[in-house]
There are 2 protein chains.
Amino acid sequence: MKKAVRAPRKPVRPSALQAESLQQTRREHASETAEDYVEAIADLTAAHGEARVVDLARRLGVTHVTVNRTLARLQREGYVSVQPYRAIFLTDRGRTLAAECQHRHGIVVAFLVSLGIPEKSAEIDAEGIEHHVSPATLAAFARHLAK
Amino acid sequence: MKKAVRAPRKPVRPSALQAESLQQTRREHASETAEDYVEAIADLTAAHGEARVVDLARRLGVTHVTVNRTLARLQREGYVSVQPYRAIFLTDRGRTLAAECQHRHGIVVAFLVSLGIPEKSAEIDAEGIEHHVSPATLAAFARHLAK
DNA sequence: TACATAATGTAGCCTTGGCTACACTTGAGC
DNA sequence: GCTCAAGTGTAGCCAAGGCTACATTATGTA
Ligand SMILES: [Mn+2]
Ligand SMILES: [Mn+2]
Ligand SMILES: [Mn+2]
Ligand SMILES: [Mn+2]
């Protein structure tokens, strides 16, 4: 009368937690583009006085077409203000997000460097890692740096 | 005769490095699905004796439709072997990748926990972070753990 | 054995985010 | 003022990865 071919053994990692983690990761990826764009726009504006489509394309490693379409979405979502053939401006909301991202980015890079990781590797890894760092983890990184 | 409205000031972060970092991040995202799937298949096979579409869907937090289409791609790419209405098997290539991912995943979680991050937060963050950890960074994490 | 249900498969929709090719606009320098 | 190269815009292609709705298959149990 063996009930199940599929043994009822408890899995190594509970399915529910893994599913929740992966869904969170997907949510983070959904906001990642916005974060990288507003950060780049803030950086470029600080460095050049303005952010242009072609600058963003070079900075982000994509074509100007991709930048254009993404900017349309970011405008729709209220992060930027775009007018044809004009420089790109952050809204208040965009500026707030950019500041948060710049702050978090700096902490992640500094933390990785503090572990002895070469500057360049730290910068490359941080660009991906930053979007998956929860407030608790960011705090832990900052705590570690303070020591 | 002011040559440029666009001042030639050196940007805070060089565009080339940022572009390279973002391109690397995008490459990592492209292999992320394969990594999460083979890891889940290996885990499920170890725990249940086999991995079925519905188990994967639950585990990954997506519908069985998404799982099916993704498995077709993973088979095309040589990671899994799939037959209609049968359990899913890893190829040698899939098994190798799964082992690497399980190993890396474990180190990332343990490292975060060692920083004082709660187990659950560590697990959630690790699910995203793991895919952006270069060999140099993984080594640094392991080094830190050994102490 | 038959059948109800769970599992699996598939058609077709959407959004994001890459791209090329081509068209239009701007503005710096002559 | 003109010109033309650089910048910008847009049409349309592709793949990945979500989804719902519906069709088909397998299988445990009556
Ligand atoms: Mn980033
Ligand atoms: Mn960043
Ligand atoms: Mn993962
Ligand atoms: Mn990521």
Side-chain angles (χ1 to χ4, degrees), chain A residues 1-8 19 22-37 40-41 44 48 50-77 79-89 128 131, chain B residues 1-8 15 19 22-37 40-41 44 48 50-77 79-80 82-89 128 131:
Chain A
M1 179 217 267
K2 51 204 201 41
K3 172 66 183 318
V5 177
R6 311 272 274 283
L22 289 165
Q23 285 169 336
Q24 176 63 27
T25 298
R26 290 194 292 269
R27 275 191 296 272
E28 287 157 357
H29 285 159
S31 33
E32 173 157 347
T33 303
E35 295 181 354
D36 286 334
Y37 270 69
I41 293 166
L44 287 170
H48 293 173
E50 62 177 17
R52 308 292 309 208
V53 170
V54 69
D55 299 322
L56 275 174
R58 267 192 280 272
R59 180 81 163 222
L60 300 167
V62 297
T63 64
H64 78 280
V65 183
T66 299
V67 170
N68 254 334
R69 195 168 19 63
T70 303
L71 286 176
R73 178 171 71 79
L74 295 184
Q75 179 161 55
R76 191 178 3 115
E77 294 173 355
Y79 292 109
V80 304
S81 168
V82 183
Q83 283 181 311
Y85 297 102
R86 295 277 163 263
I88 296 129
F89 293 102
H131 308 282
Chain B
M1 180 219 272
K2 51 205 200 44
K3 173 66 181 316
V5 176
R6 313 273 272 282
S15 278
L22 289 165
Q23 285 169 335
Q24 176 62 28
T25 298
R26 289 194 292 269
R27 275 191 296 272
E28 286 157 358
H29 285 160
S31 34
E32 174 157 348
T33 302
E35 296 181 353
D36 287 335
Y37 270 67
I41 293 166
L44 286 169
H48 294 174
E50 61 178 18
R52 308 292 308 207
V53 170
V54 69
D55 300 322
L56 275 175
R58 267 192 281 271
R59 180 81 165 221
L60 300 167
V62 296
T63 65
H64 78 279
V65 183
T66 300
V67 169
N68 255 333
R69 194 166 23 61
T70 303
L71 286 175
R73 179 170 70 77
L74 295 184
Q75 180 162 53
R76 192 179 0 119
E77 293 173 356
Y79 293 109
V80 304
V82 182
Q83 283 181 311
Y85 297 101
R86 295 275 164 264
I88 296 128
F89 294 102
H131 309 280

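Naming convention: chains lettered A, B, ... in sequence-line order (proteins, then strands); numbering from 1 in each chain.
By the side chain to side chain contact (heavy atoms under 4.5 Å, CB included) test, B/Ala87 pairs with B/Glu50, B/Arg52, B/Phe89, sequence neighbours left out. Applying the side-chain hydrogen bond (donor to acceptor under 3.5 Å, both in side chains) rule to B/Arg86 yields no partners; only residues at least two apart in sequence or on another chain are considered. For B/Thr33, the side chain to side chain contact (heavy atoms under 4.5 Å, CB included) partners two or more places apart in sequence, or in a different chain, are B/Tyr37, B/Thr70, B/Arg73. Partners of B/Gln24 by side-chain hydrogen bond (donor to acceptor under 3.5 Å, both in side chains), not counting sequence neighbours, listed by chain and number: B/Arg27, B/Glu28. For A/Glu35, the salt bridge (charged side-chain N to carboxylate O under 4.0 Å, His left out) partners two or more places apart in sequence, or in a different chain, are A/Arg104. With sequence neighbours left out, B/Gln75 forms a side-chain hydrogen bond (donor to acceptor under 3.5 Å, both in side chains) with no residue at all. Residues satisfying the side-chain hydrogen bond (donor to acceptor under 3.5 Å, both in side chains) test with A/Gln23, not counting sequence neighbours, are none.
Atom C1' of nucleotide C/dT8 and atom CD1 of B/Ile88 are separated by 10 Å, given to the nearest angstrom. A/Gln83 has its CD atom 16 Å from the P atom of C/dT25, to the nearest Å. Distance CG (B/Asp55) to P (C/dA6): 15 Å, rounded to an integer number of Å. A/His48 has its NE2 atom 12 Å from the P atom of D/dG7, to the nearest Å.
When the side-chain nitrogen and oxygen atoms of A/Asn68 are compared with OP1 and OP2 of D/dG9, one or more of them lie within a distance under 4.0 Å.
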Open item on the list: One character per nucleotide, please: for nucleotides 15-20 of chain D, 5' to 3', B when the base has a protein heavy atom closer than 4.0 Å, S when only the sugar-phosphate does, - otherwise.
Closed with: -SBBBB

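Smallest separation of non-hydrogen atoms from B/Ile88 and B/Val80: CG2-CB, 4.3 Å.
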Got a list of protein N/O to nucleotides 23-26 of chain D N/O distances below 3.5 Å?
unit_1	atom_1	unit_2	atom_2	d
D/dT24	O2	B/Tyr85	OH	3.4
D/dT25	O4'	B/Tyr85	OH	2.9

